[in-house]
Amino acid sequence: MNTHVAVEKTPHIPLWNDPTVPVTARVDALIAAMTLQEKTAQLYGVWVGASDQGGEVAPHQHDMQEAAVDLDALLPTGLGQLTRPFGTVPVDPALGALSLARTQTRIAATNRFGIPALAHDECLAGFAAWGATAYPVPLSWGATFDPDTVRRMAAAIGRDMRAVGVHQGLAPVLDVVRDARWGRVEETIGEDPYLVGTIGTAYVQGLESAGIVATLKHFAGYSASRAGRNLAPSSVGPRERADVLLPPFEMAIREGGARSVMNAYTDTDGMPSAADGDLLTGLLRDTWGFDGTVVADYFAIAFLKTLHGIAGDWGGAAGAALRAGIDVELPNVKAYGTPLTEAVTDGLLPEALVDRALRRVLTQKAMLGLLDPDWNPLPAALDGADPEDPAALRGRIDLDGPDNRALARTVAEEAVVLLSNDGTLPLDRPRRIALLGPNADEPAAVLGCYSFPQHIGVRHPGTPLGIELPTLRDTLAAEFPDAEITVVRGTGVDDGDRSGFREAARAALEADVAVVVLGDRAGLFGQGTSGEGCDVETLALPGAQQHLLDTLLDLETPVVTVLLAGRPYALGRAVEESAAIVQSFFPGEEGTHAIAGVLSGRINPSGRLPVSVPRGPGAQPATYLGARLAHASKVSSIDPTPAFAFGHGLSYTRFDWTDLGVDVQEAATDGEFTLTFTVRNTGGRSGTEVVQLYLHDPVASVVQPVQRLIGYARADLEPGEARLLRATVPADLASFTGRDGRRVVEPGELEVRLAASSADPRLSARVTLTGAERHLDHTRRLHAAIKQEPAART
């Protein structure tokens, strides 16, 4: 039988450039016309920095790169990607867009097929470009419990990136926190896979809606490294991997439509992710059906030789990664250049593997319009501009406009978590405020390590920040215009200096309230207390901050503790003795407005903890998602019980939960059941209750967590208003990885806890699953449908 499909070609246009031809046929024709060197050229990137004068980009000399890349030598065979043109040096956005466009013109003109590069950049907490909005870090996204707002934020970030010519964003991070000592906790969404999955999927949907290729990272197990050390081996077993670490990726691919995945640096049981074909091809593609590109985390392919020791040379590293399923080497050409072509030429690696990766890369470029005959290197933001007059372009593009800032403020406001309050908050027109601590008057205290000012700007001290970063001193002065505010630093974030304690104590004694602002300084590889490579031995506050806090707690003045941090910290006596504790995870450029609003009461806090706050600094690793043996017991002197549990957060109003109803007492293992209950605002002001559903499985064939989150919803209620919530729970949500490695739903009793946090159940219902044991796959139902209906007011 002849299966060949005739394709009509538009006259005078090469088949691969003809948008009327199916993408598959275009890509096949292009691959057939390419030499081996032209093929491999599409499988690597070059790290560059855009020109602030609008000229072509310049190759970036990174510490990990042995020699500068020679673009003149590379470009005749083509180029797959441009690495971080905006996120490498400070550059005016309009001139950066012009620089990128001119480079793309050169790339397309230099290779035989006119193929431009795909440009990628970081967007972990906003587009990592000079002058772009610095949004809250992902840990704050998790604190919102609000996928809709995160989706809108991601769409705004994506629109800014596309407007200047970027195609791919290296976000979101879907690693589930397993040890809060890990420096990259600030980049994660939280310690629960369902929260990470739903918030991360929303971010993917927003980014993809703007035309940006979302990149899921780090696949898989990076956050489960031993002792919370960056790049350390991961010791997770197959069930923890399947039931905790992988579900967010599965959800983001299935429901988010992510078009790229980035491997993790780590190895799991001796297998580096970059060489794990069972993971990158077997699970990701063959089982889950992912058809996008897999890109290497920076230098990860070279690490197969230098760090993991599973390859003896660069060709061996290239072969291991390509066989496993990594399509693109980033950030620079190393293994996928000459070593890869030589491995194929010498017969050590089949060219079919190159073609497999190339087909995915070219398909993505075709879908982005990069192979179309009308492709234009000038992005939308430069429409109507004169590229020959770069000086006139400066300032033309605003990546931090009012809409962005308003959205950044909304996310920041929803993410502030009120941990404790003895009634001191909201502050009632204080006359004198002592504003103390290392982060009280520090602009960068709101930024994570992947924000442009902290990631790149610190290397260019003479360059303006490009965005406004009001300190808490600034916003408190605006919030309390009649108050006298005395600012004393007291100590540094991590310098251990105690010389300012006496001055801080004096200011506190003379004030009506002392607001002490503690936490982190974001940085890279030991240059900060939080961020990539900034791992810690314990969860004690850095430096002398706990000593400063204890000094202030010894006084009679009420102490309000405010945390601007990238991870949760043990707070010692403050848990019981502080008048109030306000937690904010690097809330971005609008973050201090949000915190000031919570302190004044202008904002009623609605954030909830995406990670547990430990009671002691050494009880790690510990998350709420533990089995019975992971919790406190009489046979261990270590108590991992948190000071504030996952999902916890207070409000300035009160909520009552009543009238629980269950539609059935028994449901089939392939069925569902529905719970109804009422939540009422019984306080005196409007507020938001975050309703959380946890599943407890008392008896299972393998050990299960005591409870795990299976659903949540934000209920916005006016005083006296009540809402009827209807939660339909499919039996699929009771599934787990069984003894034989397959996902199973077992018959038996379940308990669903309707809770204000993982430690604060308000209502509970028991339902028995009946029928045969049932096996599920990746098509299973992933959510409990929670609907809200008006209920009677009082």
Side-chain angles (χ1 to χ4, degrees), residues 143-146 148 192 194-195 413-426 580-583 598 601-610 612-613 624 642-665 673-696 707-729 750-767 784-794:
T144 70
F145 278 68
D146 188 351
D148 291 338
D192 179 87
Y194 186 75
L195 180 67
E413 289 174 352
E414 291 189 0
V416 176
V417 185
L418 180 60
L419 296 183
S420 67
N421 185 21
D422 66 1
T424 297
L425 295 183
I581 304 174
V582 176
Q583 174 77 66
V598 167
R602 175 174 53 83
I603 297 166
N604 192 351
S606 63
R608 301 294 185 266
L609 282 176
S612 308
V613 172
Y624 97 93
F644 302 103
F646 171 85
H648 170 76
L650 302 179
S651 171
Y652 292 147
T653 190
R654 299 181 304 279
F655 301 97
D656 283 351
W657 302 42
T658 59
D659 305 327
L660 174 64
V662 187
D663 66 338
V664 294
Q665 297 303 310
F673 55 91
T674 299
L675 311 173
T676 57
F677 57 102
T678 299
V679 176
R680 188 182 305 276
N681 182 348
T682 58
R685 60 175 296 173
S686 60
T688 300
E689 179 70 301
V690 179
V691 173
Q692 302 161 47
L693 275 65
Y694 294 89
L695 182 71
H696 170 60
Q707 60 181 341
R708 53 188 173 87
L709 186 71
I710 61 170
Y712 60 86
R714 289 173 59 94
D716 302 322
L717 298 168
E718 296 297 322
E721 183 181 6
R723 194 75 52 80
L724 176 69
L725 281 84
R726 190 180 307 276
T728 299
V729 180
L750 300 175
E751 180 183 341
V752 177
R753 299 169 179 172
L754 310 174
S757 79
S758 59
D760 187 10
R762 300 297 178 85
L763 303 167
S764 64
R766 293 183 178 270
V767 174
I786 303 177
K787 298 181 179 180
Q788 301 185 39
E789 305 169 10
R793 296 175 68 96
T794 59

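Of all heavy-atom pairs between Gly711 and Ile786, the closest is C-CD1, 4.1 Å. Looking at every heavy atom in both residues, Arg714 comes nearest to Thr144 through NH1-O, 2.9 Å. Here the closest non-hydrogen pair linking Ala791 and Thr678 is CB-CG2, 4.4 Å. Nearest approach of Arg685 to Ile603, heavy atoms of both residues: NH2-C, 4.1 Å. Nearest approach of Ser612 to Pro642, heavy atoms of both residues: CB-CB, 3.9 Å. Of all non-hydrogen atoms in Thr653 and Gly684, the two that sit nearest each other are OG1-N, 3.7 Å.
Checked by atom type and distance alone, the side chain of Asp192 never pairs as donor or acceptor with a backbone atom of Arg708 at under 3.5 Å. Remark: the backbone N or O of Ile581 is paired with a side-chain donor or acceptor of Ser420 at under 3.5 angstrom. A donor-acceptor contact shorter than 3.5 Å links the side chain of Gln692 to the backbone of Gly647. For Tyr694 (side chain) and Leu754 (main-chain N/O), no donor-acceptor pair under 3.5 Å exists by modelled atom type.
At least one side-chain heavy atom of Leu709 sits less than 4.5 Å from a side-chain heavy atom of Tyr624. Between Leu419 and Val613, some side-chain heavy-atom pair lies under the 4.5 Å cut-off. Between Leu425 and Leu418, the closest side-chain pair of non-hydrogen atoms falls below 4.5 Å. Residues Glu721 and Arg680 have side chains not in contact (no heavy-atom distance under 4.5 Å, counting atoms from C-beta outward). Side-chain contact between Ser764 and Val752 is absent, with no heavy atoms from C-beta onward closer than 4.5 Å. The side-chain heavy atoms of Leu717 and Arg723, taken from C-beta on, include a pair separated by under 4.5 Å. Annotation: side chain of Leu725 is not in contact with side chain of Thr676 (no heavy-atom distance under 4.5 Å). The shortest side-chain heavy-atom distance between Leu609 and Phe644 falls under the 4.5 Å cut-off.
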Throw together a table of side-chain donor-acceptor distances under 3.5 angstrom for residues 654-665, partners on residues two or more places apart or in other chains.
| unit_1 | atom_1 | unit_2 | atom_2 | d |
| --- | --- | --- | --- | --- |
| Arg654 | NH2 | Thr682 | O | 3.0 |
| Trp657 | NE1 | Glu689 | OE2 | 3.0 |
| Asp663 | OD1 | Thr674 | N | 2.9 |

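Ring geometry for Phe145 against Phe646 counts as tilted: the plane angle lies between 30° and 60°, on a 0 to 90° scale.
The one candidate from Pro605, Ser606, Ser651 that meets the side chain to side chain contact (heavy atoms under 4.5 Å, CB included) condition with Thr688 is Ser606.
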Open item on the list: Evaluate Arg608 against Ser757 for side-chain hydrogen bond (donor to acceptor under 3.5 Å, both in side chains), listing each step before the verdict.
Closed with: CA-CA 8 Å; Arg608 301 294 185 266; Ser757 79; over 6 Å; no
TODO: Decide yes or no on salt bridge (Lys or Arg N to Asp or Glu O under 4.0 Å) for Glu789 and Arg726, but give the supporting numbers first.
DONE: CA-CA 8 Å; Glu789 305 169 10; Arg726 190 180 307 276; 3.1 Å; yes
TODO: Check the pair Asn421 / Tyr652 against side chain to side chain contact (heavy atoms under 4.5 Å, CB included), numbers first and verdict last.
DONE: CA-CA 9 Å; Asn421 185 21; Tyr652 292 147; 3.8 Å; yes
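Going from atom CD1 of Ile710 over to atom CG of Leu695 covers 5.0 Å, rounded to the nearest 0.5 Å.
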